[in-house]
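To start, the structure itself, in structure tokens.
Side chains included, hydrogens not; waters and symmetry mates left out as well; all remaining heavy atoms used.
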Amino acid sequence: MSAAAPSPSAVVTGAETVPRAEEVLTPEALAFLGELHRRFAPRRAELLARRAERRAEIARTGTLDFLPETAAVREGDWRVAPAPAALDDRRVEITGPTDRKMTINALNSGARVWLADFEDASAPTWANVVGGQINLIDAYERRIDFGTPEGKTYALRPDAELATVVMRPRGWHLDERHLRVDGEPVPGALVDFGLYFFHNAKRLIAKGKGPYFYLPKTESHLEARLWNEVFVFAQDYVGVPQGTIRATVLIETITAAFEMEEILYELRDHASGLNAGRWDYLFSIVKNFRDGGPKYVLPDRNAVTMTAPFMRAYTELLVRTCHKRGAHAIGGMAAFIPSRRDAEVNKVAFEKVKADKDREAGDGFDGSWVAHPDLVPIAMASFDAVLGERPNQKDRLREDVAVTGDQLLAVDSLQAKPTFEGLRNAVQVGIRYIEAWLRGLGAVAIFNLMEDAATAEISRSQIWQWIDAGVVFEDGRKATADLAREVAAGELAAIRAEVGEEAFVSGRWQQAHDLLLQVSLDEKYVDFLTLPAYELLD
């Protein structure tokens, strides 16, 4: 008896039952995922291997520079495709996961764009992966509502008042274990992109918008090229015009910072802009230069603001690059969560948010991110003051900016040093975030800030780096594995007392503690915390 022929479609395996999943996982959609996997997963695997090779080269040389082989692209005269009307004005963007309540609140927030997140703000449980797709379809069909046990109801405003959706799929490094083709897991990026595009491309065109995407964790222009090939194939497959898709790339890795122009060039018919993201960018610096000596040792994460010289070089180069090529430059996150109990906390935080957004608007950014609807008016006022009635300031070319590779790498230009309190905060936030993530929550309010997976990545990376570098804190204590264990044990005990025995036992606190220490203390630095964490997800 011969073996059964492999299915041409993606096959669902080992997945929990999710209500209405059949509306998303249709035979036609699964066939599309099968095509995407067979055509593009091999090249994705090659590019992931190339990341490791490049990291080894950085470890050997201790530096990075602009690519000599792409000088012609940087020197060439080209521009990205003009922005579609729905993406021309992006002065405020709100971010958040695609659960039902957030979908309604984000669309209603008054922001011009909602980053509908299947990546860092969403733990990739099967319920979140499939449920988020259902929620977006329901929103486009205007059949979405939400009610709380207390009787509060949420419903969509008229279409003209809703934010434009820019959807963020998972990064290239993550697999989706519940969907397989020829026995292999389908890359999570292709699952999230494929299901959303297949079901919504024509729906969105009918609304005068389109399938718009944020591309995360990109490390090179070759990875952007792969995305462009995916886009070209997908548009032909579904039967929509080339250029319907628009993509904004997050420049949140240090290697991508040296290839901004090349990334835009590879995506030029589909490019919308670039975004400057802080925590993942710092995480990438630690990851790539973790054995680069004292000059690459970062201080406490909260001491690294966007005004740090090496961060300023990165953001100014981003604005210069985008506007030179006709693309939008989108600024970083205001992660503050307003407190209902402490007006003074709000006052101080709102002033910081305003100063941050005033600086971005003044530097030439065309828009910026917030994590909470109450911050939309603050960010809007900053950009309104600079833009007025104009949709953007892409005509501001920032030709005064000239950034060198050394400036991008000048981590030691910041005078701040790691502190013991910084270690304790990294442990505190790391445990609290990972615990929530293991329960299926990707966007978590911790100490009045909205944290996502990038927070946990920079937290565990700093613990690892400080121990590896033998940092001595201001009180004379040295960063060691034993000190990290001591701090973690103390924080776990404090959490136990804070939440109570029943909530502690029913939560995932011990697992979160153990995983944080595993990825912070293992001699072999794991590339992404979410890889071992995914194995622990229900």
Side-chain angles (χ1 to χ4, degrees), residues 83 87-96 109-115 163-164 166 214 248-252 256-257 260 264 272-282 301-336 348-401 403 407-408 414 449-450 452 454:
L87 281 181
D88 205 27
D89 189 329
R90 304 177 61 171
R91 66 188 70 198
V92 181
E93 305 191 352
I94 192 167
T95 72
S109 66
R112 300 296 167 94
V113 164
W114 170 35
L115 185 156
T164 293
V166 180
Y214 258 111
T248 306
V249 180
L250 291 118
I251 302 299
E252 54 186 356
M260 292 190 213
L264 284 176
S272 177
L274 303 177
N275 169 275
R278 179 161 42 146
W279 294 147
D280 263 319
Y281 190 72
L282 296 178
R301 71 167 178 136
N302 292 324
V304 188
T305 67
M306 295 307 250
T307 58
F310 71 102
M311 297 298 281
R312 190 137 181 80
Y314 146 66
T315 56
E316 293 208 304
L317 179 61
L318 188 145
V319 173
R320 168 80 180 104
T321 300
C322 286
H323 290 182
K324 176 183 177 184
R325 303 305 182 182
H328 281 72
I330 307 298
M333 170 71 84
F336 177 66
V348 171
F350 284 164
E351 286 171 357
K352 286 183 178 176
V353 171
K354 181 181 185 302
D356 189 46
K357 301 311 165 192
D358 284 351
R359 175 188 52 75
E360 287 178 331
D363 281 350
F365 280 97
D366 303 292
S368 190
W369 280 8
V370 300
H372 192 279
D374 288 358
L375 300 182
V376 170
I378 296 172
M380 194 71 77
S382 294
F383 281 89
D384 285 350
V386 170
L387 296 178
E389 296 297 313
R390 295 179 299 154
N392 55 63
Q393 52 181 332
K394 289 192 288 190
D395 58 340
R396 191 171 166 213
L397 296 180
R398 290 305 312 268
E399 290 174 333
D400 56 306
V401 171
V403 172
Q407 288 173 309
L408 290 174
L414 197 59
L449 294 175
M450 185 61 77
D452 68 10

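Under the salt bridge (charged side-chain N to carboxylate O under 4.0 Å, His left out) criterion, Arg390 pairs with Asp395, sequence neighbours left out. Every residue two or more places apart in sequence or in another chain was checked for a salt bridge (charged side-chain N to carboxylate O under 4.0 Å, His left out) with Lys352, and none qualifies. Shown here are the side chain to side chain contact (heavy atoms under 4.5 Å, CB included) partners of Glu389, two or more places apart in sequence or in another chain: there are none. Applying the ring-ring contact (aromatic ring centres under 6.0 Å, His included) rule to Tyr314 yields the partners Tyr281; only residues at least two apart in sequence or on another chain are considered. Taking Arg398 as the reference, Glu316, Asp400 meet the side-chain hydrogen bond (donor to acceptor under 3.5 Å, both in side chains) condition, with sequence neighbours excluded. For Asp366, the side-chain hydrogen bond (donor to acceptor under 3.5 Å, both in side chains) criterion is met by His323, not counting sequence neighbours. Every side chain to side chain contact (heavy atoms under 4.5 Å, CB included) that Ala111 has, sequence neighbours left out, goes to Val92, Ile94, Ser109, Val376. Partners of Arg359 according to the side chain to side chain contact (heavy atoms under 4.5 Å, CB included) rule, which considers only residues two or more places apart in sequence or in another chain, are Met306, Thr307, Arg312, Asp356, Asp363. Among residues two or more places apart in sequence or in another chain, the salt bridge (charged side-chain N to carboxylate O under 4.0 Å, His left out) test is passed with Arg91 by Asp89, Asp384. Listed by chain and residue number, Tyr214 satisfy the ring-ring contact (aromatic ring centres under 6.0 Å, His included) test with Trp369 (two or more places apart in sequence, or in another chain). Partners of Asp452 by salt bridge (charged side-chain N to carboxylate O under 4.0 Å, His left out), not counting sequence neighbours: none found. With sequence neighbours excluded, the residues satisfying side chain to side chain contact (heavy atoms under 4.5 Å, CB included) with Gln407 are Ala313, Val403, Thr404.
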